[in-house]
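What follows is a set of notes on a single structure, which appears directly below.
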Protein chains: 4
Amino acid sequence: MTSKLLTGLVAATYTAFNADGSLNLDPIGAHADLLVRNGVTGVFVCGSTGEGVSMTTEERMSHFKRWCEVAKGSLKLIAHVGHNSIGDARALAAHAAKSGADAIATVGPSVLRPATLADLVDWCAAVAGAAPETPYYYYHIPVLTQLRFNMAQFMDMARERIPTFAGIKFTDENLMEFANCVARNQTNMLFGRDEVLLSGLVAGADGAIGSTFNYSAPIFNKVIAAYEKGDMAAAQKLMTRARDSVQILLDFGGGPAGKTMLKLCGIDCGPSRLPLRSLSLERVDALRARLEAFGWDDIRCH
Amino acid sequence: MTSKLLTGLVAATYTAFNADGSLNLDPIGAHADLLVRNGVTGVFVCGSTGEGVSMTTEERMSHFKRWCEVAKGSLKLIAHVGHNSIGDARALAAHAAKSGADAIATVGPSVLRPATLADLVDWCAAVAGAAPETPYYYYHIPVLTQLRFNMAQFMDMARERIPTFAGIKFTDENLMEFANCVARNQTNMLFGRDEVLLSGLVAGADGAIGSTFNYSAPIFNKVIAAYEKGDMAAAQKLMTRARDSVQILLDFGGGPAGKTMLKLCGIDCGPSRLPLRSLSLERVDALRARLEAFGWDDIRCH
Amino acid sequence: MTSKLLTGLVAATYTAFNADGSLNLDPIGAHADLLVRNGVTGVFVCGSTGEGVSMTTEERMSHFKRWCEVAKGSLKLIAHVGHNSIGDARALAAHAAKSGADAIATVGPSVLRPATLADLVDWCAAVAGAAPETPYYYYHIPVLTQLRFNMAQFMDMARERIPTFAGIKFTDENLMEFANCVARNQTNMLFGRDEVLLSGLVAGADGAIGSTFNYSAPIFNKVIAAYEKGDMAAAQKLMTRARDSVQILLDFGGGPAGKTMLKLCGIDCGPSRLPLRSLSLERVDALRARLEAFGWDDIRCH
Amino acid sequence: MTSKLLTGLVAATYTAFNADGSLNLDPIGAHADLLVRNGVTGVFVCGSTGEGVSMTTEERMSHFKRWCEVAKGSLKLIAHVGHNSIGDARALAAHAAKSGADAIATVGPSVLRPATLADLVDWCAAVAGAAPETPYYYYHIPVLTQLRFNMAQFMDMARERIPTFAGIKFTDENLMEFANCVARNQTNMLFGRDEVLLSGLVAGADGAIGSTFNYSAPIFNKVIAAYEKGDMAAAQKLMTRARDSVQILLDFGGGPAGKTMLKLCGIDCGPSRLPLRSLSLERVDALRARLEAFGWDDIRCH
């Protein structure tokens, strides 16, 4: 698997905003340092965790550019260029490639949805074609996009029509479908359900892309290490702890709560943008107390 | 009802593209003439029929501008400024107001979705606030957005938080919810299921916004006229014919087939953009033959 | 439409249980009298309102028998014989026919679901065949059964394969599909969304089957009368009042709250069976107070 | 885990019907022998695989009785007594206990659905109470029942209100929820997605209940053995083969195709009942050919 572009843990990064809602590029340097220091191998920028769809195309471009400068040589960078407007998506793809992204990725269009699998693949091909030298990943997250095409069939068609097709970020529970994708040779399958990572690893995941790796990479890297050593008892025990920490995130509503958890690790990404809502100060305190009671030190980034 | 901004039939216009996929503003003049000539009262520009989400923000702006020039004095113009990026949505709103739009409208954000009704209303308020003198309509179309908040509750909250709130374009089958909105005073309720317009009228619709009015306004105007005269037998008979014509559209896949029907009325809006797919020439011929066999002359715009 | 079996308002009756949960046939006589006195034309027995699926086959049989005796000559009786077990459904069908039911009806099987429309129709044909002289109605209620086959297509196939096929009890919001069924000649279409009855009437409903007619038949009969006279303004005003009364039911959770409303009209059907839960005494009081504040006298059965 | 009632592979048995559709108890003896010979530890009788809901209560009782006689001492027997009618469910529970079943299980009621988790648990408690000495399992299969209550919360409440509560047959992809159940002590968690068994094992499954173990137990037992030895490379390779064999089943529509696969192992369970449809002879031949081409010998029961 060493020849695959993406392995290990890839953090779906949060985007930093100032108090007035404007984009803030300042924390990116320290953010990248934190991730490298904690064994993260790459960053997935402007995805759903990064509120990419809530940003303007210009904001996404300047965000990609800064991340590319910072990540160079230390983190693989996947620029999420998905956009309902194919023109914006292509512009983002071309810009990301020029900025030095290692790969681009897109969700499919989700307001006007493709009627057939072929329409989806052709849409993806049109976007990928704007960055003809850059590996392309499809980002499958039906809970957000309502696009429920079978990914194994997608893969068969994508490999024919998209010269740069590299793999899938698969954020769904259907591990049968995931494993059917893994069984297709020479693809790079990244699992996107951090909370059940071990189940994804045994189904053949090359690595994982997720939001919790921003602040909890250490525990997940221990899970992978135990699994690769063949020590399943240890892997399961570590996975239980990792999963319990994700449950805390979910108990606080997911999404914006993760920005708070990253802030507790030293990187302040500011508020979330509407339609997301930042945690109130009371909820921030409650989350911090819950994490302390849980004992978060063996889990979080340092 | 005469004091309401929108009444009668409002066409959700198609956007014209050239064969190379670029925006084509040329047909707008003739398109507006056709609509006025056939008794359409307004246009809903860059909505889902108009593939608004598939256009760049610049394209939408130039499209709004041209429509505003053409519609001035003859058609009410509602600019659909919905966009997952609140920055783009606000820029579109401000531009539409400056261009002279009579109203703006948005769907809610549909990839990252608001967790609560209050979050949705606050998002809408932020967009509406960029055009503080322009009436704001919410566009409820859960089949596309997956946003299933109760619209009567939305309306109660929107009237408190959005000074310019004017009404709802309601594209859903739930007529109980629709009627509950109608029962709130001083709102403007537009129904969006052309195929059951008469059922919406008896539930209190002030008017309708839909794609089929681009090419089939005459039959729907006859439905309204018969209904307003109290001749229900005639209204139902006309409605049956109107509905049968919509069934033909649906049998050809909806969406892009409507562009073909408009072309048969003399306005060529060119191909659809990915992820939508234009009808093949064979399908165009089959659709034309089907419409001729059905006898389309009493239905369509002339 | 006079030749159609079912017209006007058909009450989907509640089933009476004793405090110990056993079946109670005693209220049926007074229940029937109330319905006849208030202009109800028929009863739909052991449907979803009647908790039919929560009863044993023997209970349903004795319940049908008693209702047939009581309804004879004054109310059309449709016995709902739907059951996941085709053997039970056929036994219920044969028994209902022998007891003198005017018609039988079934939902489709909803745990193991038919893979194709043909499988569903064949299942219905097998049940209908156990009562070969008795008209058969299909009960379409996808919110409960998850069976989302298109009813116009169902109708085309059912008319070929089920000699006794008579029509559909259509409990869904899709009025396009409903109207497409109406357009097929010689069928009997009953609408099942009481709260938007007027929208169903203009779409061609022959009548309605619903739970609220047990206690609110007068207001709905006035809606129908105004509609048939062509006085749409009056019909809409009456419909608004009817709908507001249904909203009260929904605010109290639907289902079991209806038993309370019927009790306020003098017929005590006792508690609901698990998995439904009767209203607490506090909620009963609150519901009574809400109805009094609303002014229920022009609406309810007397 | 040795103190848990159910471990290893439990076959969700098919029910045999004669060509005329009547129940056929004759194959049960040979069926049990096949399962024991191939290392199956128990049988789950009259579940969804067994078309339990398509059988009358009397048929289910005689079926339970025969299976109890045959399984005694060699296979754990779980009688699925779920039924929309609580009276039937209780009668089935009492009868199963008297017949010597090791455990009973139910899905929740799925036409009239409980409004709250407490209502569901109380319904389950009422059924379990009819067999007060017999362990009770809840059968979670939301794709069939639409009951989507969180099982970890269910478990917390069930342990308080159902003295005989033993565990859950969990047939869903949500392994986070599954693992959260495992983390509750002293419960018996059985996984129901055969095709991703290994992912379930690493999430803590005590065993599995599924239809494919009727005919493919050997390959799944090898997966478990490799996993328990800690040889993950072997486990994954075996799992891939097992999964590919399940894909063949799915390609032939699931359900009834499984009866064909069991017949190829020597046990003829006859046709399926409506609403399911047996494979045509052509499809049976195609399935056999596909299995032969795949090389089924290392997988299937002998």
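Every chain is numbered from 1 and lettered A, B, ... according to where its sequence line falls, protein lines coming before strand lines. Worth saying up front: this structure is predicted, and the values here are computed from it rather than measured. For the numbers below, each heavy atom of this structure counts, side chains included, while hydrogens, waters and symmetry mates do not.
- One distance of note links CG of D231(C) with CE of M232(B); it measures 11.5 Å at 0.5 Å rounding.
- At a 4.5 Å heavy-atom cutoff, the contact between M176(B) and chain C is made by backbone and side-chain atoms alike.
- Of the inter-residue distances, the one linking E177(B) atom CD with Q247(C) atom CD reads 10.0 Å to the nearest 0.5 angstrom.
- Only the side chain of V196(C) has a heavy atom closer than 4.5 Å to any heavy atom of chain B.
- There is no contact between F178(B) and chain C, counting heavy-atom distances below 4.5 Å.
- Looking at every heavy atom in both residues, L201(B) comes nearest to Q236(C) through O-NE2, 3.4 Å.
- Ranked by non-hydrogen atom pairs under 4.5 Å with chain C, the options A203(B), G230(B), A179(B) are led by A179(B).
- Put simply, of D244(C), N180(C), L198(C), V202(C), the one with the most heavy-atom pairs under 4.5 Å next to chain B is V202(C).
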